[in-house]
Amino acid sequence: MLQQYQKIMVAVDGSNEAELAFQKAVNIAKRNEASLLLVHVIDTRAFQDVNSFDSMLADQATELAKQSLSDYKENAKNSGVEQVETVIEYGSPKLIVAKQIPQDKDVDLIILGATGLNAVERLFIGSVSEYVTRNASCDVLIVRTDVENKRIYSEDE
């Protein structure tokens with residue numbers, strides 16, 4: 001018997017990798033007749049470097065995330081996914097994507113784009129996808145190819 005997913009979560013951040021993950025998530029959700037949860041996490045650590053924290057930065061990030069998620073949701077619905085939900089969270093993307101949202105929303109598949117970080121950056125920073133793969137309690141799919149399973153190469157490869 002084939003695995004049938006009920007709730008698929010895809011993290012989107014506007015990157016090309018996230019776009020590939022979204023496209024695959026839509027296809028998998030349609031095949032499984034699953035609901036799709038579109039998630040954007042605003043990393044609040046990015047605002048800690050600003051000497052005089054301006055709430056306008058957080059407000060702008062939130063507005064951009066809302067618009068982006070709205071576009072993704074419309075695209076998913078137009079592609080035939082019937083149940084689409086969006087979530088914006090604030091904090092550490094690693095923890096929120098790996099643990100908090102899957103637990104709160106009963107997610108059984110997480111889909112993420114592969115990171116664009118090089119080996120040195122991963123050593124010091126670590127990638128969200130690596131952390132999620134190691135710590136999530138459900139299945140995780142790391143997307144490196146388009147919907148036709150063709151590798152998309154960046155200009156620097």
Summary of salt bridge (Lys or Arg N to Asp or Glu O under 4.0 Å) pairs that have at least one residue in residues 19-31, sequence neighbours excluded: none
For the atom pair CD1 (Ile28) and CG (Leu109), what is the distance rounded to the nearest 0.5 Å? 6.0 Å
Applying side chain to side chain contact (heavy atoms under 4.5 Å, CB included) to Leu64 and not counting sequence neighbours gives none
Could you tell me which non-hydrogen atom of Pro102 sits nearest to which non-hydrogen atom of Ile96, and how far apart they are? CD-O, 3.7 Å
Answer yes or no: is there a donor N or O on one side and an acceptor on the other, between the side chain of Ser70 and the main chain of Lys66, under 3.5 Å? no
Step by step, work out the side-chain contact (heavy atoms from CB on, under 4.5 Å) result for Arg144 and Leu20. CA-CA 8 Å; Arg144 298 181 188 281; Leu20 293 174; over 6 Å; no
Report the C-alpha distance between Ile101 and Leu37 in whole Å, list the side-chain angles of each, state the deciding distance to 0.1 Å, and finish with yes or no for side-chain contact (heavy atoms from CB on, under 4.5 Å). CA-CA 10 Å; Ile101 293 175; Leu37 178 62; 3.6 Å; yes
Residues passing the side chain to side chain contact (heavy atoms under 4.5 Å, CB included) test with Ser15, sequence neighbours excluded, are Asp13, Glu17, Ala18
Check whether Asn32 reaches the backbone of Tyr5 with its side chain - one donor and one acceptor, N or O, closer than 3.5 Å. yes
Is Glu33 atom CD crowded by more than 12 heavy atoms from other residues, nucleotides or ligands, each under 6.0 Å away? no
Ignoring hydrogens and geometry, is there a side-chain-to-backbone donor-acceptor pair from Asp108 to Gln6 under 3.5 Å? yes
Residues Glu85 and Lys73 bridged, charged N to O under 4.0 Å: no
Out of Val143, Leu112, Val140, which one pairs with Ser129 under the side-chain contact (heavy atoms from CB on, under 4.5 Å) rule? Leu112
Where is the tightest heavy-atom contact between Thr62 and Ile88, given as atom of each residue plus distance? O-CD1, 4.1 Å
Using side chain to side chain contact (heavy atoms under 4.5 Å, CB included) as the criterion, list what pairs up with Glu82, not counting sequence neighbours. none
Using atom types as modelled and distance alone, determine if a side-chain donor or acceptor of His40 lies under 3.5 Å from a backbone N or O of Ala65. no
Between atom CD of Gln60 and atom CD1 of Ile42, what is the distance when rounded to the nearest 0.5 Å? 11.0 Å
Can you tell me how far apart CD1 (Ile8) and CG (Leu38) are? Round to the nearest 0.5 Å. 11.0 Å
Derivation of the side-chain contact (heavy atoms from CB on, under 4.5 Å) call for Glu89 and Val39: CA-CA 8 Å; Glu89 288 288 345; Val39 174; 5.5 Å; no
Taken in chain and number order and not counting sequence neighbours, the residues that satisfy side chain to side chain contact (heavy atoms under 4.5 Å, CB included) with Asp71 are Gln67
Nearest 0.5 Å please: distance from the CZ atom of Phe22 over to the CD1 atom of Ile111. 10.5 Å
Taking all non-hydrogen atoms of both residues, which atom of Met9 and which atom of Val107 are closest, and how far apart? CB-CG1, 3.7 Å
Member of Asn27, Val26, Val84 meeting the side-chain contact (heavy atoms from CB on, under 4.5 Å) criterion with Ser79: Val26
Nearest atoms (heavy-atom pairs only) where Ala11 meets Val97: CB-CG2, 4.4 Å
Contact summary for Leu36 and Ala25, nearest pair of heavy atoms: CD1-CB, 3.9 Å
Among the clusters formed by ILVMFWY side chains lying less than 4.5 Å apart, do Val128 and Leu95 turn up in the same one? no
Sequence neighbours excluded, the answer for ring-ring contact (aromatic ring centres under 6.0 Å, His included) partners of Tyr131 is none
Starting from the C-alpha separation in whole Å, work towards a yes-or-no answer on side-chain contact (heavy atoms from CB on, under 4.5 Å) for Asp139 and Ile110. CA-CA 6 Å; Asp139 289 349; Ile110 300 170; over 6 Å; no
